[in-house]
Amino acid sequence: MKKTQTQAFANLIGSLLFGGIAIWALIKTFSFQTVNNTYVQPALFSQIMAVGLLIFSVILFIQSIVKLMNMKDTDPLAAPAASINFVKNKGVLAGLAVIALCIFFVAAFKGMGYVLVSAIVAAAIMLLIGKRNWVQIVLVSILVPLLMWLIFYKVLTVNIPMGPLQFLRDLVDMI
């Protein structure tokens with residue numbers, strides 16, 4: 001089998017792809033607005049995540065190069081790479097659905113607000129991975145975004161768009 005059809009080569013391509021995404025995301029964070037008199041800036045979490053993704057991409061890149069140079073036929077990474085044809089591989093279809101949900105999240109974030117759009121995306125992903133307990137889906141998809149917003153708003157003092165749920169911010173401010 002050719003090395004370009006192995007899992008090790010697929011890892012190499014993935015490391016380059018995710019490394020590029022990490023660099024792009026890191027560059028985009030430098031255009032975030034800063035908040036005066038605040039230690040934690042809105043870009044900090046995104047920068048940490050982008051740097052983390054970049055570090056892991058570099059590690060995977062190095063591992064893939066080393067593996068491709070020293071690979072034997074019996075090596076598990078010498079096995080054929082999985083198909084990215086979503087007709088043959090339902091995991092790819094699920095991955096594409098998550099990418100679409102992420103695009104929806106970014107597009108709807110400002111208008112719908114963090115809590116509402118996060119609840120919709122969380123519920124959709126839970127359904128996508130096979131959760132069918134509606135009580136669990138509703139509770140997790142509503143309570144987790146609310147708790148995360150509360151942590152960002154009150155503890156980290158980061159203003160996150162609330163969209164139509166602006167009254168929640170006003171309510172929390174009154175407490």
Side-chain angles (χ1 to χ4, degrees), residues 7 9-35 40-61 63-64 81-166 168-169:
Q7 183 64 44
F9 188 76
N11 287 349
L12 176 74
I13 299 301
S15 70
L16 292 172
L17 177 68
F18 287 114
I21 290 170
I23 291 169
W24 172 80
L26 188 60
I27 291 169
K28 293 300 279 182
T29 63
F30 295 121
S31 65
F32 285 15
Q33 291 180 346
T34 57
V35 178
V40 177
Q41 293 297 320
L44 180 65
F45 181 73
S46 300
Q47 289 170 340
I48 291 169
M49 297 305 289
V51 168
L53 180 59
L54 186 59
I55 289 168
F56 286 116
S57 296
V58 168
I59 291 169
L60 183 60
F61 179 79
Q63 285 177 338
S64 300
S83 171
I84 59 170
N85 183 347
F86 62 85
V87 174
K88 294 179 183 177
N89 188 341
K90 297 300 180 197
V92 173
L93 185 59
L96 292 173
V98 170
I99 290 171
L101 285 169
C102 290
I103 293 169
F104 166 75
F105 183 89
V106 170
F109 184 80
K110 193 169 187 176
M112 292 175 66
Y114 170 75
V115 174
L116 193 57
V117 76
S118 294
I120 292 168
V121 169
I125 290 176
M126 289 175 74
L127 287 169
L128 190 64
I129 64 172
K131 295 288 183 193
R132 295 296 179 255
N133 182 339
W134 284 98
V135 173
Q136 183 183 25
I137 292 171
V138 169
L139 286 176
V140 168
S141 64
I142 292 173
L143 293 179
V144 170
L146 274 173
L147 181 64
M148 294 302 297
W149 169 75
L150 198 57
I151 290 169
F152 273 95
Y153 186 64
K154 280 301 192 184
V155 177
L156 301 174
T157 64
V158 175
N159 252 342
I160 298 176
M162 288 298 286
L165 300 178
Q166 178 66 32
L168 288 176
R169 178 180 292 152

Residues at least two apart in sequence or cross-chain that pass side-chain hydrogen bond (donor to acceptor under 3.5 Å, both in side chains) with Tyr114, listed by chain then number, are none
With sequence neighbours left out, write down each residue that passes side-chain hydrogen bond (donor to acceptor under 3.5 Å, both in side chains) with Gln63, or none if nothing qualifies.
none
Side-chain polar contacts of residues 121-135 - donor-acceptor pairs under 3.5 angstrom, sequence neighbours left out - could you list them?
{"unit_1": "Arg132", "atom_1": "NH1", "unit_2": "Leu127", "atom_2": "O", "d": "2.9"}
{"unit_1": "Asn133", "atom_1": "OD1", "unit_2": "Val135", "atom_2": "N", "d": "3.1"}
{"unit_1": "Asn133", "atom_1": "OD1", "unit_2": "Gln136", "atom_2": "N", "d": "3.3"}

Could you list the donor-acceptor pairs under 3.5 angstrom formed by side chains in residues 25-33, with sequence neighbours left out?
{"unit_1": "Thr29", "atom_1": "OG1", "unit_2": "Leu26", "atom_2": "O", "d": "2.6"}
{"unit_1": "Thr29", "atom_1": "OG1", "unit_2": "Gln47", "atom_2": "NE2", "d": "3.3"}
{"unit_1": "Ser31", "atom_1": "OG", "unit_2": "Lys28", "atom_2": "O", "d": "2.7"}

Name all residues meeting the ring pair (Phe, Tyr, Trp, His ring centres under 6.0 Å) criterion together with Phe109; count only those two or more places apart in sequence or in a different chain, and write none if there are none.
Phe105
Sorted by chain and residue number, the side-chain hydrogen bond (donor to acceptor under 3.5 Å, both in side chains) partners of Ser118 (sequence neighbours excluded) come out as none
With sequence neighbours excluded, give me every side chain to side chain donor-acceptor pair (under 3.5 Å) pair touching residues 9-24.
Gln7-Asn11
Residues that Phe18 engages under ring pair (Phe, Tyr, Trp, His ring centres under 6.0 Å), provided they are two or more places apart:
none
Can I get a per-line list of side-chain donor-acceptor pairs under 3.5 Å for residues 48-57, giving both atom names and the distance, sequence neighbours left out?
{"unit_1": "Ser57", "atom_1": "OG", "unit_2": "Gly19", "atom_2": "N", "d": "3.3"}
{"unit_1": "Ser57", "atom_1": "OG", "unit_2": "Leu53", "atom_2": "O", "d": "2.8"}

Distance-only donor-acceptor pairs under 3.5 Å for side chains of residues 141-163, two or more places apart:
{"unit_1": "Ser141", "atom_1": "OG", "unit_2": "Ile137", "atom_2": "O", "d": "2.6"}
{"unit_1": "Ser141", "atom_1": "OG", "unit_2": "Val138", "atom_2": "O", "d": "3.4"}
{"unit_1": "Tyr153", "atom_1": "OH", "unit_2": "Asp173", "atom_2": "OD1", "d": "2.7"}
{"unit_1": "Tyr153", "atom_1": "OH", "unit_2": "Asp173", "atom_2": "OD2", "d": "2.9"}

